[in-house]
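All values below were derived from every heavy atom in this structure, side-chain atoms included, with hydrogens, water molecules and symmetry-related copies excluded. Sequential numbering from 1 along the given sequence is applied to the chain's residues.
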Amino acid sequence: MRRLFLLLVCLATTLAGCSEQPREGIRFGVQQLPLNFDPRQATDAASERVNHLLYRGLVRFDETRLPQPDLATWQRPEPRRYRFTLEADSRFDDGSAVTVRDVLATYDAILDPENNSPHRSTLSIIEEMRPVDGSTIDFLLARADPYFPSYLVTGILPAERIANGHDFSSKPIGSGPFRLKERDAGRLLLERKSDGEILSLLLVKEPSVRVLKLLRGEIDLLQGDLPPSLVDYLSAQEGVRVRTAHGSNYTYLGFNLEDPVTGDVRIRRAIAHAIDREAIIRHVFKGRARKAAGLFPPEHALGIADETAIRFDPQQAMALLREAGYGPSRPLELTWKTSSDPFRLRLATIMQQQLADAGIRVTIKSHDFGTFFGDIKSGNFQLYSLTWVGLKTPDSFRYIFHSGSIPPNGANRGRYRSSPVDRLIESAEKEVDIDAQVPFYQRLQRQLLQDLPYIPLWYEDQMAAYRPGAVSDYVPRQDGNYDGLTGLARVGR
């Protein structure tokens, strides 16, 4: 009789399944899911944002971009020596304690040239790592660097798993506030360790579909990756709250300097003068962006003002093209790569027309983000548009522009080689005092504006939209990180 009763219960719940269905918890609609859960290798924005929830580093950044203790506190007994002490009871997802051995194994793996970690160039300043005891480690540096703690934000991995060849890229094991619970092609389930709450990252590539799902209650929250017209539309809807903040992420045009055409600085300058950034910010972004001059926004200690940067000047653009041998009888033709995101395509199309007005013919090729980003990392492009996310410290200049940072040793994807820039980076790094470094980095940025390996475009505002009846107040971070999800509460369901 009992078996018959259980059978009837299962038959009555066929649509729901005989086993308990996984909870979706807080439903977060995203444009892109992570490509790589291994913090030693990940470089795309979606991976870095999610990995920040799954892992903890020795150091983290606060909202003012200052380094703060995460897994460890630190002291600086000598200019070239930093001592880090791990907190008492940090544990990985498998229950094992985070130890100095794990710190050593993680950074040894990054520094090993055979592993081709893109973060190796930044950490090459480490001359030796010396364990003091089970919870304390000294980092001895090749040179004094007041920014060094800021470089130690990479998530720490368990040493035993590293030694056993564990595949962190698909099976993360960290000590962060969330753990990976489930993954499929269009969904990522994370479990918050503090209370067991589930966070569902749901892949919804099309911005308008993401908006409709929010309005229909099929997702609770979305962040960024919306064109301004949809932000305006959401702002006028009942039952939805839109929050915005000035952004610090840097959008730019990148060039392949090994290409015979885009390797010519006159061509890059012509393109820069042909793009009307002010018109795009005013009419397309509707004021929700700021013109960029360098990697960092002007309020950053290393930021530079836009007034001295590139100006819109179509006549100068055409003069530079003539100087380079191009004109009506021999138009310049270029290929521009971008992602298949509709808004990014729209921006590229607008700039394509602006360039055409100056006599530059551009063919746009768009791909899904994985294919597009793979081409950029491998140098398979002439011209591309992308955004740097989360830049906070001057080591970014070495990582992106030093000739020693050409992939796989860093992110100098345009193969930019400049002896003056290399010298300025190296001279700044030799200074013990932060204030003494600033003049070198300012000169460096002026040189970059002359050479234009990148054309700086803008810093886009950050936005988030959510249903107050479903989740508690959510404020986007200036760098677009997902840190606010750590304390986000689910209500009303």
Side-chain angles (χ1 to χ4, degrees), residues 13 15-17 19-35 37 44-54 93 170 172 174 176-227 230-231 233-245 341-343 368-369 389 462-477 480-493:
T13 57
L15 291 177
S19 58
E20 183 183 353
Q21 295 298 298
R23 290 190 297 121
E24 286 191 313
I26 297 171
R27 300 165 300 178
F28 187 11
V30 297
Q31 185 184 45
Q32 180 191 342
L33 290 175
L35 301 176
F37 291 118
D44 65 287
S47 297
E48 295 211 2
R49 286 167 174 165
V50 171
N51 286 344
H52 194 56
L53 302 176
L54 298 173
D93 299 340
S170 61
F178 288 83
R179 63 168 60 88
L180 177 63
K181 188 174 180 65
E182 186 179 324
R183 182 189 190 187
D184 57 38
R187 183 180 65 171
L188 193 70
L189 294 187
L190 306 180
E191 181 181 31
R192 192 161 57 197
K193 296 175 185 177
S194 62
D195 58 4
E197 180 62 88
I198 298 298
L199 172 66
S200 297
L201 275 68
L202 305 175
L203 180 64
V204 188
K205 292 184 178 181
E206 181 63 39
S208 58
V209 176
R210 242 180 1 264
V211 167
L212 288 174
K213 283 182 174 290
L214 181 69
L215 294 175
R216 290 198 299 244
E218 296 174 20
I219 61 175
D220 305 312
L221 168 74
L222 58 82
Q223 178 177 309
D225 300 314
L226 289 186
L230 284 178
V231 177
Y233 176 75
L234 277 177
S235 299
Q237 304 305 305
E238 293 184 3
V240 173
R241 183 170 298 165
V242 175
R243 301 290 297 267
T244 61
D341 173 73
F343 186 58
D368 67 272
F369 188 81
V389 172
Q462 294 293 333
M463 67 77 57
Y466 62 95
R467 298 188 303 117
V471 294
S472 59
D473 191 31
Y474 183 83
V475 180
R477 301 297 177 98
N481 275 346
Y482 295 160
D483 296 33
L485 298 172
T486 303
L488 190 66
R490 183 163 57 102
V491 297
R493 279 195 291 121

Legend entry - Over 12 non-hydrogen atoms of neighbours within 6.0 angstrom of NZ in Lys193: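 Yes, the 6.0 Å shell around NZ holds more than 12 heavy atoms from other groups.
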Legend entry - Whether over 12 other heavy atoms sit under 6.0 Å from Tyr233 OH: no
So, does [X] use its side chain to make a donor-acceptor pair with the main chain of [Y] at under 3.5 Å?
| X | Y | result |
| --- | --- | --- |
| Gln31 | Pro207 | no |
| Arg27 | Leu214 | no |
| Arg467 | Leu215 | no |

Inset, instruction - Determine, for Lys205 against Asp368, whether the closest basic-nitrogen to carboxylate-oxygen distance falls under 4.0 angstrom. - result: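 Here Lys205 does not pair with Asp368 in a salt bridge, since their nearest N and O are not under 4.0 Å apart.
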Side-chain touch [X]/[Y], heavy atoms, less than 4.5 angstrom:
| X | Y | answer |
| --- | --- | --- |
| Tyr466 | Asp220 | no |
| Leu488 | Leu199 | no |
| Leu226 | Arg210 | yes |
| Val211 | Gln237 | no |
| Arg243 | Asp473 | yes |
| Ile198 | Lys181 | yes |
| Pro342 | Glu206 | yes |
| Val204 | Leu222 | no |

Which heavy-atom pair separates [X] from [Y] by the least distance, and what is that distance?
| X | Y | result |
| --- | --- | --- |
| Val240 | Ala465 | CG1-CB, 4.3 Å |
| Tyr474 | Ala464 | CD2-CB, 3.7 Å |
| Leu485 | Phe178 | O-CZ, 3.7 Å |
| Pro468 | Val491 | O-CG2, 3.6 Å |
| Asp44 | Pro34 | OD2-CA, 4.5 Å |
| Gly25 | Ser200 | N-OG, 4.5 Å |

Inset, instruction - Could you give me the CA-CA distance, side-chain angles and deciding distance for Phe369 and Leu35, then say whether side chain to side chain contact (heavy atoms under 4.5 Å, CB included) is met? - result: CA-CA 10 Å; Phe369 188 81; Leu35 301 176; 4.2 Å; yes
Distance (rounded to the nearest 0.5 Å) between [X] [atom1] and [Y] [atom2]:
| X | Y | atom1 | atom2 | answer |
| --- | --- | --- | --- | --- |
| Asp225 | Leu230 | CG | CG | 11.5 Å |
| Leu202 | Leu188 | CG | CG | 9.5 Å |
| Arg477 | Asp483 | CZ | CG | 4.5 Å |
| Glu182 | Arg187 | CD | CZ | 4.5 Å |

Inset, instruction - Kindly determine whether Arg183 and Leu33 satisfy side chain to side chain contact (heavy atoms under 4.5 Å, CB included), including the steps that lead there. - result: CA-CA 10 Å; Arg183 182 189 190 187; Leu33 290 175; 5.8 Å; no
Legend entry - Contacts of type salt bridge (charged side-chain N to carboxylate O under 4.0 Å, His left out), residue Lys213, not counting sequence neighbours: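 Expected list: Glu218.
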Inset, instruction - Begin with the C-alpha distance, continue with both residues' side-chain angles, and end with the deciding distance and a verdict on side chain to side chain contact (heavy atoms under 4.5 Å, CB included) for Arg49 and Gln32. - result: CA-CA 11 Å; Arg49 286 167 174 165; Gln32 180 191 342; over 6 Å; no
Inset, instruction - Could you walk me through whether Leu180 and Leu190 pass the side chain to side chain contact (heavy atoms under 4.5 Å, CB included) test, one step at a time? - result: CA-CA 5 Å; Leu180 177 63; Leu190 306 180; 4.0 Å; yes
